[in-house]
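Beneath this line is the structure, given in C-alpha cells, with notes to follow.
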Amino acid sequence: QVQLVESGGGLVQAGDSLSLSCAASGRTFSTYTMGWFRQAPGKEREFVACITGNSGNTYYRNSVKGRFTISRDNAKNTVYLKMNSLKPEDTGVYYCARAAGGGYYYTATNYVDWGQGTQVTVSS
C-alpha cells in the first residue's frame, strides 16, 4: 500500500493559480500511474488528470486542458498539479490517487490508493 499526502490547497480568486503536491511513500512509485480527481459539493468525484508510470504521458479532462499541468518527480516520490486561470467551477476537494498499473486510467475504480484530499476554493 502507498500512503499519499496532498498539500497546497487554498482559497483563491478566479484567474489565479495554485499548485498542489502529493507525496507518496510506502513502495516503488515510478512505475504506477498517478492521478488527480476532484469532488465538488453534491457531485460525484471526477477525473482531472493523470500521468502514466515510466513513460510519463499525461491526460486531462477537457475542461482543464491548457490550464492544468500534471507532473511527477520520481526521485522525490511526488506528483504535482499546477492549476492556472482557475475558475469557480474548479472548486472542490482534490484527491491524489495511485493506480494499480502504469497505463491510462480515468475512472476512480482503477485507483487503489487515495490521499485525504485538499480543498480548493475559487471565488468569483
Side-chain angles (χ1 to χ4, degrees):
Q1 187 177 5
V2 173
Q3 290 76 45
L4 303 172
V5 178
E6 303 99 335
S7 61
L11 171 62
V12 297
Q13 293 187 332
D16 286 351
S17 298
L18 205 57
S19 293
L20 306 182
S21 298
C22 173
S25 62
R27 61 184 298 171
T28 303
F29 168 82
S30 63
T31 60
Y32 298 99
T33 292
M34 298 297 296
W36 286 96
F37 287 74
R38 67 187 181 190
Q39 188 166 19
K43 295 188 177 181
E44 292 189 356
R45 191 170 299 189
E46 64 182 19
F47 170 81
V48 176
C50 73
I51 183 166
T52 60
N54 292 327
S55 62
N57 293 326
T58 58
Y59 302 89
Y60 301 90
R61 71 179 296 109
N62 286 337
S63 62
V64 307
K65 284 181 182 177
R67 300 189 297 121
F68 290 14
T69 302
I70 187 172
S71 60
R72 66 193 298 165
D73 185 337
N74 291 332
K76 295 182 178 180
N77 277 14
T78 301
V79 63
Y80 306 94
L81 185 68
K82 179 64 185 297
M83 304 182 292
N84 295 326
S85 302
L86 282 161
K87 303 176 181 180
E89 50 264 42
D90 295 319
T91 293
V93 178
Y94 281 69
Y95 297 91
C96 171
R98 180 187 73 87
Y104 165 45
Y105 311 111
Y106 60 90
T107 56
T109 53
N110 289 119
Y111 291 79
V112 295
D113 294 308
W114 293 83
Q116 296 284 73
T118 185
Q119 178 71 45
V120 172
T121 304
V122 184
S123 63
S124 57

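Basis for what follows: all heavy atoms, side chains included, without hydrogens, waters or symmetry-related copies.
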**Prompt:** Can you name the closest pair of heavy atoms from T52 and G103 and give their distance?
**Reply:** CG2-O, 3.5 Å
**Request:** May I ask whether Y80 and I51 are part of the same hydrophobic cluster, defined by side-chain heavy atoms of I, L, V, M, F, W, Y residues being less than 4.5 angstrom apart, directly or through others?
**Result:** no
**Item:** Selection residues 40-92 - residue pairs positive for disulfide bond (SG atoms under 2.5 Å apart), sequence neighbours left out
**Value:** none
**Message:** Side chains of W36 and E6, heavy atoms from C-beta outward: is any pair under 4.5 Å?
**Reply:** yes
**Message:** Show the nearest heavy-atom pair for residues A40 and T91, with the distance to one decimal.
**Reply:** CB-O, 3.7 Å
**Request:** Any pair with a residue in residues 7-23 that passes side-chain hydrogen bond (donor to acceptor under 3.5 Å, both in side chains), sequence neighbours left out, goes on the list, sorted by first then second residue, please.
**Result:** S17-N84
**Prompt:** Mind checking whether L86 and F68 have side chains closer than 4.5 Å, heavy atoms only?
**Reply:** yes
**Asked** Which atom names give the shortest non-hydrogen contact between A49 and Y60, and what distance separates them?
**Response** CB-CD2, 3.5 Å
**Item:** Side-chain donor/acceptor of T78 to backbone N/O of A23, under 3.5 Å
**Value:** no
**Message:** Using 0.5 Å steps for rounding, measure from the CZ atom of R61 to the CZ atom of R38.
**Reply:** 5.5 Å
**T58 (side chain) donor-acceptor with I70 (main chain) under 3.5 angstrom** = no
**Item:** Rounded distance [0.5 Å steps], CZ in R98 versus CG in L4
**Value:** 8.0 Å
**Request:** Would you name the heavy atoms of L81 and V48 that are closest together and state the gap between them?
**Result:** CD2-CG1, 4.2 Å
**Message:** Going by salt bridge (Lys or Arg N to Asp or Glu O under 4.0 Å), name the pairs with one or both residues in residues 64-85, residues two or more places apart or in two chains.
**Reply:** R67-D90
**Message:** Side-chain heavy atoms under 4.5 Å apart, restricted to Ile/Leu/Val/Met/Phe/Trp/Tyr: what other residues fall into the cluster of Y104, or is it alone?
**Reply:** F37, F47, Y59, V93, Y95, Y105, Y106, Y111, W114
**Request:** Taking all non-hydrogen atoms of both residues into account, name the closest pair between G9 and V120 and its distance.
**Result:** CA-CG2, 4.2 Å
**Student check: side-chain heavy atoms of V2 and M34 closer than 4.5 Å** = no
**Closest non-hydrogen atom pair between F29 and V79, with its separation** = CZ-N, 4.2 Å
**Set of residues satisfying salt bridge (charged side-chain N to carboxylate O under 4.0 Å, His left out) with respect to E89, sequence neighbours excluded** = none
**Message:** Test of understanding: with disulfide bond (SG atoms under 2.5 Å apart), list the residues that count as partners of C22, not counting sequence neighbours.
**Reply:** C96
**Prompt:** So, do V5 and Q116 sit near enough that their side-chain heavy atoms are less than 4.5 Å apart?
**Reply:** no
